[in-house]
Amino acid sequence: MPNGAQALMKTLVDAGIEVCFTNPGTSEMHFVAALDSEPKMRAVLALFEGVATGAADGYARMADKPAATLLHLGCGLGNGLANLHNARKGKVPVVNIVGDHATYHVKYDAQLQSDIETVARNVSPGFVRTSQSTEALCQDAAEAITTARGLPGQVATLILPADVSWGEGGTPVIVPAQPQAPVAGDDAIQTAAEAIRSGKKTALLLGGQALREPALLAAARIAAHSGVTLFAETFPTRIERGAGLPPVERIAYLAELATLQLSEFDHLVLVDAKAPVSFFGYPGKQSYLVPDNCTAHTLSTPEQDAAASLNKLAEALGAAGAEPRLQAVGRPGLPKGKLTAEKVCRAMGELMPENSIIVDESITSGLMLNAMTAGAPRHDMITLTGGAIGQGLPNAVGAAIACPDRPVFALIGDGTAMYTIQALWTMARENLNVTTIIFNNASYSILNVELERVGAEEAGAKAKSQLDISGPVTHYAQLAQSMGVHGVRVRTAEELIKAMEYARAHPGPHLIEAVVPESLNGVKRKVLPWLLKSLPSLPRPLTKALKKKIAP
Ligand SMILES: Cc1ncc(C[n+]2csc(CCOP(=O)(O)OP(=O)(O)O)c2C)c(N)n1
Ligand SMILES: [Mg+2]
């Protein structure tokens with residue numbers, strides 16, 4: 001008869017959960033011991049819980065099924081919260097197993113005792129449960145798994161008291177297959193079709209599952225047939241793009257630019273996407289970015305099958321046979337000379353192999369990334385769905401484990417890199433095919449931009465020093481080497497290209513530290529808020545050109 005932990009392990013594996021990202025403690029020891037009872041379960045140690053949770057997020061984005069995490073009580077879960085938040089916002093399935101004190105030990109309020117459920121609820125509103133007995137454990141796990149991998153994907157948290165884990169009499173449970181997701185109803189299809197046929201300017205806003213190839217192709221057929229514009233949400237969970245796939249314009253991060261993108265439309269049809277809102281509220285500026293004269297319609301919700309709904313809409317419009325416009329091949333050419341962030345993006349566009357996975361957490365250094373990689377061979381891009389930085393390096397770990405045959409590139413700001421730098425150690429230990437490029441601009445550059453944008457004009461030296469990470473300047477290549485990852489620091493395009501070619505020729509993890517100036521510095525930074533403010537009063541062709549220049 002297996003104990004609770006062994007039965008749980010079997011339940012997970014039978015449900016297709018074959019990777020567990022762990023950072024264990026004493027209360028999880030029976031679960032740790034049970035890892036050896038289940039050969040199909042891969043256990044991957046992370047040295048910080050934020051790495052474990054971010055890796056589970058990245059894994060699920062690429063594997064299209066959840067991984068498990070193993071976390072140590074409320075404090076361990078709390079350390080992993082930011083990346084679980086990113087997973088929640090990205091509608092990504094994750095199954096957290098959080099160890100807890102033995103049930104009889106709780107009343108003594110020992111050192112690590114805390115309210116785990118309260119910590120969990122923030123990121124797993126759909127499922128938080130403390131399993132009460134070894135007999136009930138696997139059924140609890142089955143419900144957690146079912147919640148996590150439904151549509152939309154969710155973070156589910158199963159709290160596992162130590163005595164429930166070590167207790168005898170666990171019974172594995174077979175988790176039922178997920179039911180087919182429903183398709184958009186006839187009313188939603190008709191409303192969207194009417195908007196599109198009205199002759200008024202209409203755009204489809206694609207998010208979540210709608211940024212994957214089958215949905216993109218259906219949307220592109222509609223675009224080709226009916227002349228609608230295709231937009232993608234600002235921070236896609238995973239977007240399939242590049243040569244041979246339909247190109248989609250992302251809604252800009254800067255609210256002023258997003259407003260500009262949406263300003264000419266009378267109808268906005270949402271497909272697994274929320275109506276766009278500003279990332280933050282700014283004094284005197286709009287939060288809701290859909291223009292007053294534009295009507296938002298929902299074609300399909302996150303609970304529904306986006307691709308099937310778009311295909312149904314295409315049928316209704318007579319667009320099913322239309323030829324979708326596909327992105328042509330186009331590499332931007334190699335950069336030369338002293339390195340800038342834009343040149344790093346150019347080198348990516350020129351050199352990245354087919355089927356690459358780009359994890360983008362480059363913040364201001366990636367302003368040109370989309371434009372430079374648009375015509376590169378087909379690839380996936382993963383982005384910062386919940387705005388909580390420290391996602392990229394852990395996501396890259398998970399993506400590389402989900403897709404061992406695909407090259408993974410993690411493009412990371414220097415500030416964000418330091419949140420979860422321990423991910424490098426896991427990359428080395430697991431020998432993962434990840435090439436990390438750190439943009440070392442020695443600054444929280446975006447926050448300097450935001451300082452100007454929020455209009456906090458009285459900011460003095462003490463304020464500015466909170467946004468400055470230039471003293472000391474971190475040496476990321478040395479950090480990488482200290483954790484067993486091959487690392488080089490580069491200052492010219494030629495050195496960068498050499499390092500990228502070296503990384504390609506030598507499988508395993510690499511880190512390239514690109515020393516670059518801030519993309520938005522000096523005059524550009526001063527002028528940007530003023531420019532954004534004046535956009536509404538400028539002639540339209542000029543504003544479009546400016547948008548292209550600032551965030552193509
Ligand atoms: C968890 C979390 N903490 C803090 C922030 C605020 N924040 C946003 S961007 C940023 C700094 C980014 O710096 P870097 O990665 O160097 O990119 P750069 O702005 O230089 O391009 C910070 C601290 C956040 N978004 N999430
Ligand atoms: Mg920086």
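Remember, it's 1-based here, ligands and their atoms both numbered in the order they're listed. Computed from a predicted structure; not experimentally measured.
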Give me the residue, atom name and distance of the protein heavy atom closest to [atom].
{"atom": "atom 4 (C) of ligand 1", "answer": "Tyr419 OH, 3.4 Å"}
{"atom": "atom 17 (O) of ligand 1", "answer": "Ile363 CB, 3.4 Å"}
{"atom": "atom 21 (O) of ligand 1", "answer": "Thr364 OG1, 2.4 Å"}
{"atom": "atom 25 (N) of ligand 1", "answer": "Gly387 O, 2.8 Å"}
{"atom": "atom 16 (O) of ligand 1", "answer": "Asp414 OD1, 2.4 Å"}
{"atom": "atom 20 (O) of ligand 1", "answer": "Ser443 O, 2.8 Å"}

side-chain contact (heavy atoms from CB on, under 4.5 Å) with Leu71: of Thr22, Val119, Leu77, only one passes, and it is Leu77
Does only the side chain of Ala82 get under 4.0 Å from ligand 1, or the backbone, or both, or neither? Count heavy atoms. neither
Looking at the Mg ion (ligand 2), is there an N, O or S atom belonging to Ser445 that lies under 2.8 Å away from it? no
With respect to the Mg ion (ligand 2), please indicate if Asn441 possesses an N, O or S atom at a distance under 2.8 Å. yes
Is the count of non-hydrogen atoms from other residues, nucleotides or ligands lying under 6.0 Å from [X] atom [atom1] greater than 12?
{"X": "Arg504", "atom1": "CZ", "result": "no"}
{"X": "Gln286", "atom1": "CD", "result": "no"}
{"X": "Lys89", "atom1": "NZ", "result": "no"}

Quick one: pull up [atom1] in [X] and [atom2] in [Y] and give me the separation to the nearest 0.5 Å.
{"X": "Ile382", "Y": "Asp57", "atom1": "CD1", "atom2": "CG", "result": "7.5 Å"}
{"X": "Leu84", "Y": "Thr69", "atom1": "CG", "atom2": "OG1", "result": "6.5 Å"}
{"X": "Ile97", "Y": "Leu158", "atom1": "CD1", "atom2": "CG", "result": "5.0 Å"}
{"X": "Lys65", "Y": "Ile145", "atom1": "NZ", "atom2": "CD1", "result": "11.5 Å"}

Can you find a protein heavy atom closer to atom 6 (C) of ligand 1 than 4.0 Å? no
Going through the distances and angles, do Ile251 and Gln261 end up as a side-chain contact (heavy atoms from CB on, under 4.5 Å)? CA-CA 7 Å; Ile251 299 290; Gln261 285 172 293; 4.0 Å; yes
Step through it carefully: locate the ring centre of Tyr502, locate the ring centre of His486, and say whether they are under 6.0 Å apart. yes
Atoms of ligand 1 close to Leu447 [distance to a heavy atom under 4.0 angstrom, numbered from 1]: 22 (C), 23 (C)
By number and element, which atoms of ligand 1 are closer than 4.0 Å to a non-hydrogen atom of Ser445? 18 (P), 19 (O), 20 (O)
With the Mg ion (ligand 2) as the point of reference, which N/O/S atom of Asp414 is the closest? OD1
Nearest heavy atom to atom 14 (P) of ligand 1: which of Gly415, Ser365, Gly392 does it belong to? Gly415
Candidate with minimal heavy-atom separation from atom 1 (C) of ligand 1, of Leu467, Asn83, Ile389, Ile412: Ile389
Do Arg61 side-chain atoms and Thr383 backbone N/O form a donor-acceptor pair below 3.5 Å? yes
Any nitrogen or oxygen of Ile446, main chain or side chain, under 3.5 Å from a nitrogen or oxygen of ligand 1? yes
If I apply the N/O under 3.5 Å rule, does Tyr444 come out as touching ligand 1? no
